[in-house]
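Right, one structure below, let's go through it.
Both counts, for ligands and for their atoms, begin at 1 and track the order of listing.
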Amino acid sequence: MTAAASHIARKRFGQNFLSDPDIISRIVAAVRPRPGETLVEIGPGLGALTAPLIQALGHLHAVEIDRDLIARLHQRYLPAQLTIHEGDALKFDFATLCPAGQGTIRVVGNLPYNISTPLLFHLASYAERVSDMTFMLQKEVVMRMVADPGTEEYGRLSVMLQYRFRMGWLFDVPPEAFRPAPRIMSSIVRMAPRPPGECTATNEELLEKIVAAAFGQRRKTLRNTLKDYLDEADFTALGLDSGLRGERLSVAEFVAIANYCDRGTSLGSFSSATSRVG
Ligand code: SAM
C-alpha cells in the first residue's frame, strides 16, 4: 500500500495531495530552491513537494496542522532535514523564522483552498520579511489576485495584495494532478514584495477600510461607497470621477485616496500626484 493510499484525505484540512511527478517537478523548478536558503512550506501533507525541496535545500521548515501527517513526516525525515511547526498556518508567526535584520524567508505551498483568502492576508502582513512566495491555489483565486482594474475579477483581494506584492500567474494545474482530484482548476502564482517606498499608504488600516468600502457594494459608484470619506470637492481635488465604480481605480489611486484622507487636506490634482502600479 502506498503512503497516499493509507492516509484518508481530510476535507476539513483541504487535503488534495499532488500526485503528478511532472507537475511536482515544474513547481520545484519554478521555486528554484538553493542550498542555505530559509524556506518554509505550508501544508507539506504527504511530502510531494517536501521531498524535492529538502533534496535541493538540505533543510526545510514546514507548518502542518494534521497530527497524523506530522507523525509520518517525523518518521521519514531527521530534524536536521525538516523542522515541523505543528499548528495552524493562519496563526503561525512567520517572523520567528527570520528575526528582524537577519535576512528573509521564502514561502511555498500547495495551500489548503478552504482557508486561502485569510491565509494570503495573514502572509501579506509578513511582506517585509519575505523574499518571495510561490503557491498553488484555486485558479479563480489566482485570477482575482493578478486581475487588472476594470475587470470582473478585480476587487479587494487584488488591490490589497497588489499593494504589497508584484504577482504573476505561472501555470495551471488540472484536477487529475491530485489525489483526491478537486472539482476545480488550480494555478501556480508567484508573489514578490514591492520595493519599499514604491507606492506607500501613510495609514494602511485606512487604506484597507477604504478599499473594503469601495468594493462592499460593487454596483454602486464611489460617490456612494466612499461618502464617509470624500465629498464632491474632495473627488475634484483628487482628480477622480465620483461616478466611477471602485473596480475602475488602480492601486495607486486607492493609495492616493487613503493618503488624502489621512492628511485631511487637499493634495491638488490626483493625476500629477501618483502613477499607476500593478
Ligand atoms: N503539500 C501537499 C501536496 O502538495 O500534496 C499537501 C497539500 S494539501 C492541498 C494542503 C495541506 O495543508 C495538507 O497537508 C493539510 O493538512 C494542510 N493544512 C490544512 N489546513 C492547514 C492549516 N490551517 N495550517 C497548516 N496546514 C494546514
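Glu64 OE2, 2.5 Å is the protein heavy atom nearest to atom 16 (O) of ligand 1. Looking only at protein heavy atoms, the nearest one to atom 26 (N) of ligand 1 is Ile65 N, 3.5 Å. Nearest protein heavy-atom contact of atom 23 (N) of ligand 1 is Asp88 OD1, 2.8 Å. Here the heavy atom of the protein found nearest to atom 19 (C) of ligand 1 is Phe13 O, 3.0 Å. Closest to atom 20 (N) of ligand 1, if we only count protein heavy atoms, is Pro112 CG, 3.5 Å.
For the 3.5 Å distance criterion, the side chains of Glu232 and Ser242 qualify, holding a donor opposite an acceptor. Side chains of Ser25 and Asp22: a donor-acceptor N/O pair is absent below 3.5 angstrom, by distance only. With 3.5 Å as the limit, one finds a donor-acceptor pair spanning the side chains of Asp66 and Gln15. For the residue pair Thr83 / His59, a side-chain donor-acceptor distance below 3.5 Å is found, with atom types taken as modelled.
Residues Tyr154 and Val159 meet the side-chain proximity criterion, which asks for heavy atoms closer than 4.5 Å.
Using a 4.0 Å cut-off to heavy atoms of Gly14, the atoms of ligand 1 that qualify are 8 (S), 9 (C), 10 (C). Ligand-side atoms of ligand 1 in range of Val63: 25 (C), 26 (N), range being under 4.0 angstrom from any heavy atom. Short contacts between ligand 1 and Phe17, defined as distances under 4.0 Å to a heavy atom of the residue, involve ligand atoms 5 (O), 6 (C). The contact set between ligand 1 and Ile115, taken as ligand atoms under 4.0 Å from a residue heavy atom, comprises 22 (C), 23 (N).
Using a 4.0 Å cut-off between heavy atoms, Met136 makes no contact with ligand 1 at all. Neither the backbone nor the side chain of Leu46 has any atom closer than 4.0 Å to an atom of ligand 1 (non-hydrogen atoms only). Counting heavy atoms under 4.0 Å from ligand 1, residue Leu69 touches it through the side chain alone. By the criterion of a heavy-atom distance under 4.0 Å, the backbone of Pro44, and not its side chain, is placed next to ligand 1.
Taking 4.0 Å as the cut-off between side-chain N and carboxylate O, Arg10 and Asp68 count as a salt-bridged pair. The pair Glu204-Arg164 counts as a salt bridge, with a side-chain nitrogen and a carboxylate oxygen less than 4.0 angstrom apart. Classification of Glu198 and Arg166 as a salt-bridged pair holds, one side-chain N sitting under 4.0 Å from a carboxylate O.
By the 3.5 Å distance cut-off applied to N or O atoms, Leu18 is counted among the residues near ligand 1. Inclusion of Gln15 in the set of residues having an N or O under 3.5 Å from an N or O of ligand 1 is warranted. The distance criterion of under 3.5 Å between nitrogen or oxygen atoms is met by Gly45 with respect to ligand 1. Residue-to-ligand polar distances place Asn110 within reach of ligand 1: an N/O pair is separated by less than 3.5 Å.
Closest approach of Pro182 to Pro175, counting heavy atoms only: O-CB, 3.2 Å.
Residue contact check for ligand 1: Gly109 places no non-hydrogen atom closer than 4.0 Å to it. At least one heavy atom of Glu41 lies less than 4.0 angstrom from ligand 1. Heavy-atom distances between Leu90 and ligand 1 stay at or above 4.0 Å for every pair.
Nearest residue to atom 25 (C) of ligand 1 from Ser19, Gly87, Ala48 is Gly87 (criterion: closest heavy atom). The option from Pro182, Gly43, Ala89 that lies nearest to atom 24 (N) of ligand 1, judged by heavy atoms, is Ala89.
Taking the six-membered ring where tryptophan is involved, the planes of His7 and Phe17 are perpendicular, since the angle between them exceeds 60° and thus also 30°. Between Tyr113 and Phe178, the ring planes lie perpendicular to each other; the angle is over 60°, past the 30° to 60° tilted range.
Residue Met167 is grouped with residue Phe254 when hydrophobic side chains (ILVMFWY) are merged at heavy-atom distances under 4.5 angstrom, including chains of intermediate members.
Note that Arg26 lies in the cation-pi zone of Phe171, set by a 6.0 Å cut-off to the ring centre and a 45° limit from the axis.
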